[in-house]
There are 2 protein chains.
Amino acid sequence: MARAAALTKSKESLSRERIELAALELIEAEGLAAFSTRKLAARLGYEAMSIYHYFPSKGHLMDALIDHVIGELPPFPDASLPWLGRVRSLGRDVRRAFTRRPNLFVFVATHRMNTPRALAFLNRSIALFEEKLPHELAVRVFRSVSYYVMGASLDETAGYARGPSTVEPVSEETMQRDYPSVAAAEKFFKPAEFDETFELGWELMLTGIAALARRFEEQR
Amino acid sequence: MARAAALTKSKESLSRERIELAALELIEAEGLAAFSTRKLAARLGYEAMSIYHYFPSKGHLMDALIDHVIGELPPFPDASLPWLGRVRSLGRDVRRAFTRRPNLFVFVATHRMNTPRALAFLNRSIALFEEKLPHELAVRVFRSVSYYVMGASLDETAGYARGPSTVEPVSEETMQRDYPSVAAAEKFFKPAEFDETFELGWELMLTGIAALARRFEEQR
DNA sequence: CCGCAATTCTTACACCGTAAGGCTTGACGG
DNA sequence: CCGTCAAGCCTTACGGTGTAAGAATTGCGG
């Protein structure tokens with residue numbers, strides 16, 4: 001059983017909370033690839049192995065970080081709102097919360113999220129779709145919707161608009177000559193355009209979802 | 001300048017091609033995390049550093065693998081097909097090609113794809129949308145569409161249905177009690193259901209796209 | 001057969017996650 | 001005040017990683 005940690009005057013002792021927060025900072029400051037338990041401990045003023053007193057492995061720490069991000073999601077859309085509006089908000093909220101920690105998100109997107117908090121959120125989300133759609137359809141639509149939201153978030157945090165890849169990018173002239181549509185499109189690939197593009201596609205999906213829901217409304 | 005490689009009787013010499021193929025095999029056989037230049041070289045019967053005569057860094061090799069996967073995409077949908085049908089096929093083709101190498105795909109999804117081949121594919125895709133939509137809208141719709149396709153592919157290759165994460169999963173009882181909607185949904189989260197779920201969401205998007213395109217058809 | 005360039009290997013370094021176990025410190029019962 | 005004990009933290013070590021630097025090998029053209 002964990003006793004209350006002693007507070008020396010010089011520095012606060014380690015804790016799961018402090019480790020997580022430092023990890024989140026470090027990842028956004030230096031990038032996911034550069035993140036290591038040694039650097040994390042150094043930033044906290046401890047040795048690497050001290051981390052392992054609070055997390056059995058780096059994997060467990062990363063899972064905690066995922067959980068932390070899930071916890072940063074805003075409250076579930078208010079039940080008094082119309083159904084489609086709640087779906088709309090949910091998608092926006094998730095994207096906003098996830099893209100706020102871009103470096104961590106590429107990890108989040110490529111790992112299972114089955115911590116209790118994540119499951120609770122999953123559960124509420126699926127239940128939302130079940131309000132207006134038969135079970136199987138609700139599940140599938142939820143999943144499609146999450147494909148879009150996760151795909152968008154990932155592209156914004158790791159995709160074409162981000163820093164250079166390993167190979168040196170093609171020259172501007174080559175771009176203009178060989179890939180004119182891409183060259184012309186690049187303007188709309190910039191971060192400043194993320195919101196508008198996301199919203200467009202999101203409404204595309206919502207329109208389809210609304211039509212689907214209406215069908216089951218009628219036949220009641 | 002690369003001279004023609006000599007063929008000894010005992011074993012074929014190294015080449016970019018052979019290295020790439022072995023890398024693709026190894027990644028799918030052992031997983032992305034376990035993939036290393038040393039193991040790759042060992043599999044080929046060489047020492048690790050020999051790889052570096054053909055690729056200046058592991059990053060360059062990985063970029064070549066991305067390019068390889070892009071090259072495995074089926075031919076672009078036939079121009080004689082109706083427009084929406086071509087869009088439909090394009091999405092399906094991309095998902096199918098990408099999910100065929102699940103372990104590699106989580107790398108692909110989290111890295112820029114700006115090799116010539118990838119740019120050429122990007123270019124044709126954007127051009128396809130420009131056939132029926134004004135420039136800006138074409139770009140944004142293309143991007144939305146790729147959000148969905150990439151999100152779906154990623155979830156199928158790295159998401160909830162895949163192997164265990166670090167923390168031990170919650171028990172079946174807890175699942176039933178605390179997350180009933182998730183428990184009931186899990187059946188539709190299995191790989192056998194991937195196709196159907198993808199198609200549903202894909203048609204959702206296509207419906208919206210068709211409506212959009214129709215609007216610009218009329219006002220001509 | 002010689003020379004030379006293409007190819008491959010050797011060695012080394014800094015960094016990683018983490019297993020095993022030792023040291024330090026502070027709280028508590030006597 | 002002192003001995004005990006566990007929690008918290010550190011030391012050391014191991015096997016793995018990518019790759020820089022340069023030596024050794026190989027095989028072909030002259």
Side-chain angles (χ1 to χ4, degrees), chain A residues 1-23 26-27 29-66 103 107 110-111 165-167, chain B residues 1-20 22-23 26-27 29-66 103-104 107 110-111 165-167:
Chain A
M1 227 80 337
R3 284 314 200 87
L7 302 185
T8 70
K9 270 163 234 148
S10 55
K11 74 179 174 186
E12 201 155 349
S13 79
L14 237 31
S15 71
R16 283 180 62 99
E17 180 74 5
R18 296 217 319 136
I19 293 171
E20 285 178 29
L21 291 177
L26 189 53
I27 287 171
E30 314 251 319
L32 189 63
F35 174 70
S36 75
T37 54
R38 286 171 154 94
K39 287 184 193 158
L40 174 58
R43 162 174 283 236
L44 286 159
Y46 290 85
E47 295 303 316
M49 288 309 291
S50 302
I51 306 282
Y52 286 78
H53 191 256
Y54 298 89
F55 297 93
S57 77
K58 190 187 183 186
H60 285 80
L61 169 56
M62 297 310 287
D63 273 328
L65 296 186
I66 293 182
N103 290 347
F107 182 86
T110 53
H111 286 78
S165 73
T166 323
V167 301
Chain B
M1 226 92 318
R3 284 315 199 87
L7 302 184
T8 71
K9 269 164 235 149
S10 53
K11 73 178 172 186
E12 202 154 351
S13 79
L14 237 30
S15 70
R16 285 181 60 100
E17 180 75 6
R18 295 216 320 134
I19 293 171
E20 285 177 30
L26 189 53
I27 287 171
E30 315 251 319
L32 190 63
F35 173 69
S36 75
T37 53
R38 286 172 155 92
K39 287 184 193 156
L40 174 57
R43 163 174 284 235
L44 286 158
Y46 290 85
E47 295 303 315
M49 287 311 291
S50 301
I51 307 281
Y52 285 78
H53 190 253
Y54 298 89
F55 297 92
S57 77
K58 191 188 182 187
H60 286 80
L61 168 57
M62 297 310 286
D63 272 330
L65 296 187
I66 293 183
N103 290 347
L104 178 59
F107 182 87
T110 54
H111 286 77
S165 74
T166 322
V167 301

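Atom set for the values below is all heavy atoms of this structure, side chains included, hydrogens, waters and symmetry mates excluded. From a predicted model like this one, the values you see are computed outputs, not experimental measurements. Naming convention: chains lettered A, B, ... in sequence-line order (proteins, then strands); numbering from 1 in each chain.
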In whole angstrom, give the distance that lies between atom CZ of R18(B) and atom P of dT7(C). 13 Å

Phosphate OP1/OP2 of dG8(D) contacted by H53(A) side-chain N/O (<4.0 Å): yes

Length of the line joining Y52(B):OH and dA20(D):P, which is rounded to integer Å: 7 Å

Apply side-chain hydrogen bond (donor to acceptor under 3.5 Å, both in side chains) to residues H60(A) and S57(A) and explain how you reach the verdict. CA-CA 5 Å; H60(A) 285 80; S57(A) 77; 2.8 Å; yes

Identify each atom pair where a protein N or O and an N or O of nucleotides 12-16 of chain C are less than 3.5 Å apart, giving names and distance.
residue: dC16(C); atom: OP1; partner: S36(A); partner atom: OG; Å: 2.8

How bent is the helix from dC1(C)-dG30(D) to dG30(C)-dC1(D), comparing axes over its five end pairs at each side, to the nearest 10°? 10°

Between dT8(C) and Y54(B), is there an OP1 or OP2 to side-chain N/O distance shorter than 4.0 Å? yes

For a side-chain contact (heavy atoms from CB on, under 4.5 Å) check, start with the C-alpha distance between L104(B) and I66(B), then their side-chain angles and the critical distance, and finish with the verdict. CA-CA 8 Å; L104(B) 178 59; I66(B) 293 183; 5.7 Å; no

Counting only N and O atoms by type, is there a donor-acceptor contact under 3.5 Å from the side chain of R43(B) to the main-chain atoms of A22(B)? no

Rounded to whole Å, please give me the gap between CG in L14(B) and P in dG27(D). 14 Å

Sub-3.5 Å donor-acceptor pair from the side chain of N103(A) to the main-chain atoms of L32(A), do we have one? no

Go through the steps for E17(A) and Y54(A) under the test side-chain contact (heavy atoms from CB on, under 4.5 Å), then give the verdict. CA-CA 10 Å; E17(A) 180 74 5; Y54(A) 298 89; over 6 Å; no

Check every atom of dT19(D), dG17(C), dT8(C) against the side chain of Y46(B) and return the nucleotide holding the closest atom. dT8(C)

Closest to the E47(B) side chain: dT10(C), dA20(C), dT8(C)? dT10(C)

Using a 3.5 Å distance criterion without hydrogens, assess whether the side chain of R16(B) forms a donor-acceptor pair with backbone atoms of F55(B). no

Taking the side chain from K39(B) and the backbone from A34(B), do they hold a donor-acceptor pair closer than 3.5 Å? yes

From I19(B) CD1 over to T37(B) OG1, what is the distance, rounded to the nearest 0.5 angstrom? 11.0 Å

Just jot down the side chain to side chain donor-acceptor pair (under 3.5 Å) partners of S36(A), sequence neighbours excluded, or say none. none

Length of the line joining F55(A):CZ and dC9(D):P, which is rounded to integer Å: 13 Å

Quickly work out the I19(A) CD1 to dC9(D) P distance and round it to whole Å. 8 Å

Any side-chain N or O of S50(B) below 4.0 angstrom from OP1/OP2 of dC9(C)? yes

From CG of L40(B) over to C1' of dG16(D), roughly how many Å is that when rounded to an integer? 16 Å

Whole Å only: how far is the NE2 atom of H60(B) from the C1' atom of dG18(D)? 14 Å

Please state how far atom CD1 in I51(A) lies from atom P in dC10(D), giving the value in whole angstrom units. 10 Å

